[in-house]
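Comments concern the structure below.
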Amino acid sequence: MESPTGSVSALKTLRWHVDAGADEAIGDAPVNRFAIAEPTAEKKPETNAARPAPTPAPQKQPDVVKLESAEETTASAQAMATACNTLEELRAALNAFDQCPLKATAQNLVFGDGNPQADLMIIGEAPGADEDRQGLPFVGVSGQLLDRMLGAIMQDRENSYITNILPWRPPGNRKPTPFETSLCLPFLLRHIELVEPKALMLLGGTAASTLLETTTGITKLRGTWMNLDLKGTKIPCLPTYHPAYLLRQPAQKRDAWRDLLSMRKQLHDMGAKS
Ligand code: URA
């Protein structure tokens with residue numbers, strides 16, 4: 001399917017990408033294609049004398065400028081989150097927050113699910129395709145495994161509350177960038193403050209490293225109780241494996257089961273409501 005000029009047709013290129021496994025026509029960041037000017041055919045100067053002076057190459061912005069604006073953006077996220085006194089206000093604030101690039105490619109905000117009065121709060125990484133479509137966390141295959149894991153310790157969405165580090169799906173389920181996590185963190189911390197859980201279960205490395213501010217991997221962290229200090233209030237946290245990892249590595253379910261039993265005991269010892 002060659003074009004008259006001999007170049008490969010757009011359809012053929014697209015088919016090649018699909019065969020190679022591409023399932024989304026988007027990149028890491030959204031592109032406003034309406035804002036991109038049509039390329040104009042360049043007119044060659046007839047003589048050397050008529051040739052215009054070369055245009056200087058665009059100056060690379062110094063990194064420090066980028067850093068400052070990232071700090072400013074995070075500060076505005078912080079101010080918006082702090083001003084929220086209810087979960088509904090927090091949801092509305094996130095809906096109004098346009099600084100996170102993920103919002104532009106996501107279909108829905110995935111805020112939370114379950115009982116906001118629950119003693120157990122569960123935190124995952126970020127919505128996937130199913131969650132993005134439905135606007136609810138953990139509704140895809142890993143969510144089904146999470147429901148079974150919770151069921152094994154008599155927890156469900158009636159007595160637990162579930163959210164994620166990021167409320168918007170990263171394109172193609174890629175790992176969240178440090179900028180995205182730091183931008184969304186003030187909203188998550190306020191989310192935890194408003195739910196006031198007695199215990200947190202952190203699913204996977206991203207949730208654990210973001211909230212516990214550590215670079216230690218989840219294999220080492222899992223199963224060890226730690227505290228999240230929220231303005232002086234210490235909330236016990238248990239990092240464990242993410243259900244998506246357990247689907248890929250079922251042999252690790254044995255350790256995840258130990259973690260679930262540890263959570264069950266902690267909730268019981270703290271007199272948590274079931
Ligand atoms: N994985 C997550 O971390 N969160 C979801 O909501 C779904 C899958």
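Remember, it's 1-based here, ligands and their atoms both numbered in the order they're listed. Computation of the quantities below employed the complete heavy-atom set of this structure, encompassing side-chain atoms and omitting hydrogens, waters and symmetry-equivalent molecules. Computed from a predicted structure; not experimentally measured.
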Next on the checklist: Only heavy atoms of H242, strictly under 4.0 Å: list the atoms of ligand 1 that pass.
Outcome noted: 1 (N), 2 (C), 3 (O)
Checklist entry - Pairs in or reaching into residues 201-218: which pass salt bridge (charged side-chain N to carboxylate O under 4.0 Å, His left out), with residues at least two apart or in two chains? => result none
Checklist entry - Taking atom types as modelled and ignoring hydrogens, do the side chains of S160 and Q155 form a donor-acceptor contact shorter than 3.5 angstrom? => result yes
Checklist entry - Atoms of ligand 1 less than 4.0 Å from E125 heavy atoms? => result 2 (C), 3 (O)
Item to check | Option nearest atom 5 (C) of ligand 1 (shortest heavy-atom distance, choices G143, A126, P137, S142) | outcome: A126
Item to check | Any side-chain donor near an acceptor of the partner, T74 and Q78, under 3.5 Å | outcome: no
Checklist entry - Just distances here: any N/O of P127 and N/O of ligand 1 closer than 3.5 Å? => result no
Item to check | Over all atoms of both residues, closest heavy-atom pair of M121 and P197 | outcome: CB-CB, 3.6 Å
Checklist entry - When you measure from the side chain of R190 to the backbone N and O of C84, does any donor-acceptor pair fall under 3.5 Å? => result yes
Checklist entry - Does N164 reach ligand 1 with a nitrogen or oxygen that is under 3.5 Å from one of the ligand's nitrogen or oxygen atoms? => result yes
Checklist entry - What atoms in ligand 1 come closer than 4.0 Å to a heavy atom of G124? => result 3 (O)
